[in-house]
Amino acid sequence: MLATAAKITLAALLSITATGAVLAQSSGAPPAKVTAATPAPKLVVVIAVDQFSADLFAEYRSHFTGGLARLASGVVFPAGYQSHAATETCPGHSTILTGNHPAHTGIIANNYFDLSVSRDDKRVYCAEDETVAGTTSGSGKYAPSVNHLLVPTLGDLMKAANPKAQVVSVAGKDRAAIMMGGHKADELMWLVPTGLTGYRGTTLSPTAQQAGTAIAAAIAQPRPAATLPADCASHDIAIPLDKGGSVGTGRFQRDGGDFRRFMASPEADGAVLAAGAALRQARGLGEGDTTDLLILGLSATDYVGHSTGTEGSEMCMQMLALDRELGDFFARLDATGIDYVVALTADHGGHDLPERNRQNAWPAAERVDKALDPDAMGKAVAEKLGLPQPLLYSDGPFGDMYLSKALTPPQRKAAMTELLARYRAHPQVEAVVTGEELAKYPISKRSPDVWNLMDKLRASYNPQRSGDFLVVLKPRVTPIPESGMGYVATHGSVWDYDRRVPILFWRKGLTGFEQPNAVMTVDILPTLASVIGVPLDAGKIDGRCLDLLSGPESSCR
Ligand SMILES: [Zn+2]
């Protein structure tokens, strides 16, 4: 039922544009076999699937028959790494098309703290302009912006090399569209309850507006329960939650207008892919003299993971639907006759909820102790030492911790000593590291599978934005104190279940191969830049070009 409904939505959206396929041109048609002498493809399609861990790719790989099966037959790096410590959405997306670790992109977390800003909570969202009057970092209350991204993206470099190159970025989340789209995208948009939107003060193109209207109509419709595919039957087990309710047996039914459930279902990815296909056609991406770039951020997998975990019926259905939606999208592209290359990866991995992990042979999985809440911790230390409050600023029980600027140097030293001792004494804490230590530590040049804790933390450390100290939780401590409907599992840790993501490349005529050794998402930019002949200053990036040609030839220039 879900498959049919999703396809109707996609078809309805696509019918808003002309249906004629582009005639295959001798200059732009796909080659029979890609060699080092093959001209650059006319279109680069970059897809980030939010929270698509290497574990999910491995678990469902043999079940894929659509778009993900096609990509799995291309050049496959099953051990890709978002190598840094803060495995969150904004930092992860910032690495994919910049070739840089968050230490250099400046996107150290989804939210960081700038104690010099006037807003009371001092919290800054990664993809906002906090200097816009009247804004706060809260949902829907900030001005979306790319200002915090300190380095150029692939699209920016393509436009610098050839101003005629077109760049379009569409995603479920603003931070995904923005961090991959970069500073100079021609069109950049994301999903909202009213369909699609872009930066404040900008107007969407007529095609984007039409797509947005169709998406809004789809959101307004109620959605009946989908049928459980036979492949997902073994996942269909209810897991009770702390605050009532259960997860594991969902079917994606929702009321009309329920945007939250729309986003946590395959419908959201279908909408982004449909909008992307419509924009490609309207702008003629891939049909001109130069190479164009289409960026797609598929967010549903992440919302499914957060609200229901990674091993229930919900994620199984999402994986199969994603495979099918991608297959439909690629079939549309094939019909145009354009020579296109695809790169697909994820912004971070993920981890199942502890309640199901405990049932499935991991009895030690647990939720974080409420005593590690930074407000509680800061209050206790301030009261003990007689210091002004608030003392400690942080987005949660781990990661970057910032001390109040209202402290004298001796007060600051005393607070730091007490806080470090308390965090280090807690049984759920793996390590506490100061910003001072990280500033002196070099960025690792080693393979990301052998990085130690300091290597990971350093790749996330930016001296202007990172905390005074950083707290690392032990593996399999879920940093959500209680499970409730809508939020049961997460990512963000330094551990490999959150760092490992697949990195997949596909182009018609490109001979596939598998490279199981570790590579990084920061390698994607130099790899694609080389394929399309965009010059790069290797000294300004952390990644390296991956040679996509098996045998002695190389795609790296
Ligand atoms: Zn994410």
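Positions are given from 1, in the same order as the sequence printed here. Quick caveat: nothing in here was measured; it's all calculated off a predicted structure. Just the heavy atoms: all of them, side chains too, but no hydrogens, waters or symmetry mates, feed the values below.
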Ignoring hydrogens and geometry beyond distance, is a side-chain donor-acceptor pair present between [X] and [Y] at under 3.5 Å?
X    : Y    : answer
H148 : D129 : no
Q82  : T87  : no
Q51  : T301 : no
N110 : T89  : no
Y340 : D292 : no
E187 : S205 : yes
T105 : T98  : no
N357 : E311 : no
H84  : H101 : no
H348 : D498 : no
Q166 : R283 : yes
R175 : Y125 : yes

Should the pair [X]-[Y] be classified as a salt bridge under the 4.0 Å nitrogen-to-oxygen rule?
X    : Y    : answer
E128 : R200 : no
D323 : R61  : no
D496 : R500 : no
E267 : R254 : yes
D50  : K173 : yes
E355 : R367 : yes

About how many Å separate [atom2] of [Y] and [atom1] of [X], when rounded to the nearest 0.5 Å?
X    : Y    : atom1 : atom2 : answer
I178 : T153 : CD1   : OG1   : 12.0 Å
L273 : L298 : CG    : CG    : 5.0 Å
D302 : Q318 : CG    : CD    : 10.5 Å

Do side-chain atoms of [X] reach the backbone of [Y] as a donor and acceptor pair under 3.5 angstrom?
X    : Y    : answer
E88  : C90  : no
D269 : A300 : yes
H183 : L149 : yes
T478 : L353 : no
K456 : V494 : yes
W495 : L473 : yes
D258 : R261 : yes

Practice task
Mind listing the closest non-hydrogen atom pair of C126 and I107 along with its distance?
Solution key: CB-CG2, 4.0 Å

Would you say the side chain of [Y] lies within less than 4.5 Å of the side chain of [X], judging by non-hydrogen atoms?
X    : Y    : value
E59  : M319 : no
V488 : I480 : no
F505 : L546 : yes
F57  : V501 : no
V46  : L294 : no
L43  : T291 : no
I524 : T527 : no
D55  : H351 : no

Exercise for the section: Evaluate the ring planes of F259 and F262, with Trp represented by its six-membered ring, and classify them as parallel (under 30°), tilted (30 to 60°) or perpendicular (over 60°). Expected result: parallel

Handout entry: Test salt bridge (charged side-chain N to carboxylate O under 4.0 Å, His left out) applied to D339 and K508, step by step
Key = CA-CA 7 Å; D339 178 15; K508 193 171 182 190; over 6 Å; no

Practice task
Could you give me the CA-CA distance, side-chain angles and deciding distance for R251 and D236, then say whether salt bridge (charged side-chain N to carboxylate O under 4.0 Å, His left out) is met?
Solution key: CA-CA 10 Å; R251 299 288 190 272; D236 198 37; 2.9 Å; yes

Practice task
Begin from the C-alpha positions of Y142 and D174 and carry the test side-chain hydrogen bond (donor to acceptor under 3.5 Å, both in side chains) through to its verdict.
Solution key: CA-CA 11 Å; Y142 55 83; D174 59 4; 2.5 Å; yes

